[in-house]
Amino acid sequence: MKPNTTNTPLGTQLLLTAVAPLIWGTTYLVTSEWLPAGRPFTAAALRCLPAGLLLLLCYRQWPRRQDWGPLALLSALNIGAFQALLFVAAYRLPGGVAEVVGAIQPLLVMAMTWALDGRRPRRLALAAGTGGVLSMAALLLAPGAAWDAVGVSAALVGAACMAAGTFLSRRWRIDLPVLPLTGWQLLLGGLMLLPWALWLDPALTQISASEAGAYLYLSLIGTLLSYALWFRGLRLLPPVSVASLGLLSPLCAVLLGWLWLDQGLSPIGALGFLGVLISIALVQRASLSSAAPGTKA
């Protein structure tokens, strides 16, 4: 499997894909500071539906008949379930804690690749992925970290959904360009979220200018731009490589909590922060090396 099929340098592909989780890391700050309280499903639906509609109005391409089933499942995993669980966790946990739980995603993708494709992960990638989880756990020792059973459960299941979506997005080649594919997943996932928002969340009768701006940011930047970059990366890079970049999201959330919300970071937490960066670099080296031409995938 040759990861980079375009003329764009591999380093540029990695950087562009890395922008997506960095943007997602801002979700917790935006949710806690500017969104109306207690409306996780409304936030998820308003984040996805407008972005999906906008993309499909610009790129009016339809999936093939045989692609509708895989597309619906990917929409549920990558958008519907993941976004709902993301906001449940965001409303109930500090950003850093919520993202630490999601650090298991690269290991889940490695396990799926081994179990379903028969490709055993390289020892370096496995060790680095495990080190990433342990380094993330060190961040929990920072002052102010707190657990909530529902929030932690939502973060765990959300990580599993995103890991499955990441793996299957590369395995199932849906015959659509990246932007229309992104639009369809956002639209279908948003439609899956809408009934839950109407049923479970309080009605959103009025919103302030700052709340409207937050919803707009989450839809256009936090969803349309970030998912387009993420799905593009999934087409050009190995799934484990992309999944490990997801660890940049908790780093961004922790950093913003420290800079913006005055959340403390202990010395051990700082070492964990550095450990995650090293883990990401090592996973990239191992996964991209194993996917290069002439090597065993």
Side-chain angles (χ1 to χ4, degrees), residues 16-36 39-59 61 71-72 74-91 95 98-99 102 105 154-155 158-159 161-163 165-166 169 174 176-197 201 204 207 210-235 242-243 245-246 248-250 252-253 256:
L16 288 173
T17 307
V19 171
L22 288 173
I23 293 173
W24 293 336
T26 68
T27 299
Y28 297 93
L29 176 65
V30 173
T31 300
S32 63
E33 296 298 299
W34 291 290
L35 289 189
R39 294 173 173 84
F41 299 102
T42 300
L46 289 178
R47 179 177 188 169
C48 299
L49 272 175
L53 287 170
L54 182 60
L55 278 176
L56 292 179
L57 284 174
C58 296
Y59 301 93
Q61 299 186 44
L71 179 60
L74 289 177
S75 301
L77 291 171
N78 288 325
I79 308 299
F82 174 69
Q83 288 293 328
L85 294 165
L86 171 73
F87 278 101
V88 170
Y91 273 110
E99 290 279 22
Q105 188 185 141
C161 289
M162 194 63 174
T166 297
S169 292
I174 295 177
L176 279 174
V178 170
L179 291 178
L181 176 62
T182 303
W184 278 110
Q185 289 195 58
L186 290 173
L187 177 64
L188 294 176
L191 290 174
M192 295 173 191
L193 289 164
L194 190 57
W196 295 95
D201 286 354
L204 195 63
I207 59 175
S210 62
E211 291 168 344
Y215 280 126
L216 190 64
Y217 166 81
L218 288 175
S219 183
L220 296 182
I221 306 299
T223 302
L224 191 156
L225 174 61
S226 61
Y227 269 105
L229 293 172
W230 185 256
F231 291 142
R232 182 178 184 274
L234 283 172
R235 289 197 168 183
V242 177
L245 291 176
L248 292 171
S249 182
C252 180
L256 287 174

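Hydrogens, waters and symmetry mates play no part in the numbers below; they use all other heavy atoms, side chains included.
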Point to revise | Tyr91/Leu35 under side-chain contact (heavy atoms from CB on, under 4.5 Å): CA gap, chis, key distance, verdict | key: CA-CA 10 Å; Tyr91 273 110; Leu35 289 189; 3.9 Å; yes
Over all atoms of both residues, closest heavy-atom pair of [X] and [Y]:
X	Y	value
Ala72	Met192	O-CE, 3.5 Å
Leu245	Ala18	CD1-N, 4.1 Å
Gly190	Ala45	O-CB, 4.4 Å
Ala89	Ala154	N-CB, 4.2 Å
Ala253	Tyr28	CB-CD1, 4.3 Å
Gly52	Leu186	CA-CB, 3.6 Å

Are the side chains of [X] and [Y] in touch, meaning some heavy atoms are under 4.5 Å apart?
X	Y	result
Leu194	Phe41	no
Pro21	Trp230	yes
Leu176	Gln61	yes
Leu225	Leu220	no
Phe231	Asn78	yes
Asp201	Pro40	yes
Phe82	Leu77	no
Leu181	Leu74	no

| said: Counting the benzene-type ring for Trp, do Trp24 and Tyr227 have ring centres under 6.0 Å apart? | reply: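 Distance test on ring centres: under 6.0 Å, yes.
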Measuring from [X]:[atom1] to [Y]:[atom2], what's the distance to the nearest 0.5 Å?
X	Y	atom1	atom2	value
Cys161	Ile79	SG	CD1	11.5 Å
Leu229	Thr182	CG	OG1	9.0 Å
Leu55	Leu187	CG	CG	10.0 Å
Cys48	Leu188	SG	CG	11.0 Å
Thr223	Leu54	OG1	CG	12.0 Å
Thr42	Ile207	OG1	CD1	11.0 Å

- Query: Would Arg232 and Thr17 satisfy side-chain contact (heavy atoms from CB on, under 4.5 Å), going step by step from the backbone distance to the final call?
  - Reply: CA-CA 7 Å; Arg232 182 178 184 274; Thr17 307; 5.8 Å; no
*Side-chain donor-acceptor pair present, Thr26, Tyr217, cut-off under 3.5 Å*: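 Yes - a donor-acceptor pair under 3.5 Å links their side chains.
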Determine whether more than 12 heavy atoms belonging to other residues, nucleotides or ligands lie under 6.0 Å from atom CH2 of Trp196.
no
- Yes or no on side-chain contact (heavy atoms from CB on, under 4.5 Å) for Leu49 and Leu193, after CA distance, side-chain angles and deciding distance? CA-CA 9 Å; Leu49 272 175; Leu193 289 164; over 6 Å; no
message = Go through it in stages, so that I can follow the logic: the residues are Arg47 and Ser219, the test is side chain to side chain donor-acceptor pair (under 3.5 Å), and I'd like the CA-CA distance, side-chain angles, deciding distance and then a yes or no.
response = CA-CA 4 Å; Arg47 179 177 188 169; Ser219 183; over 6 Å; no
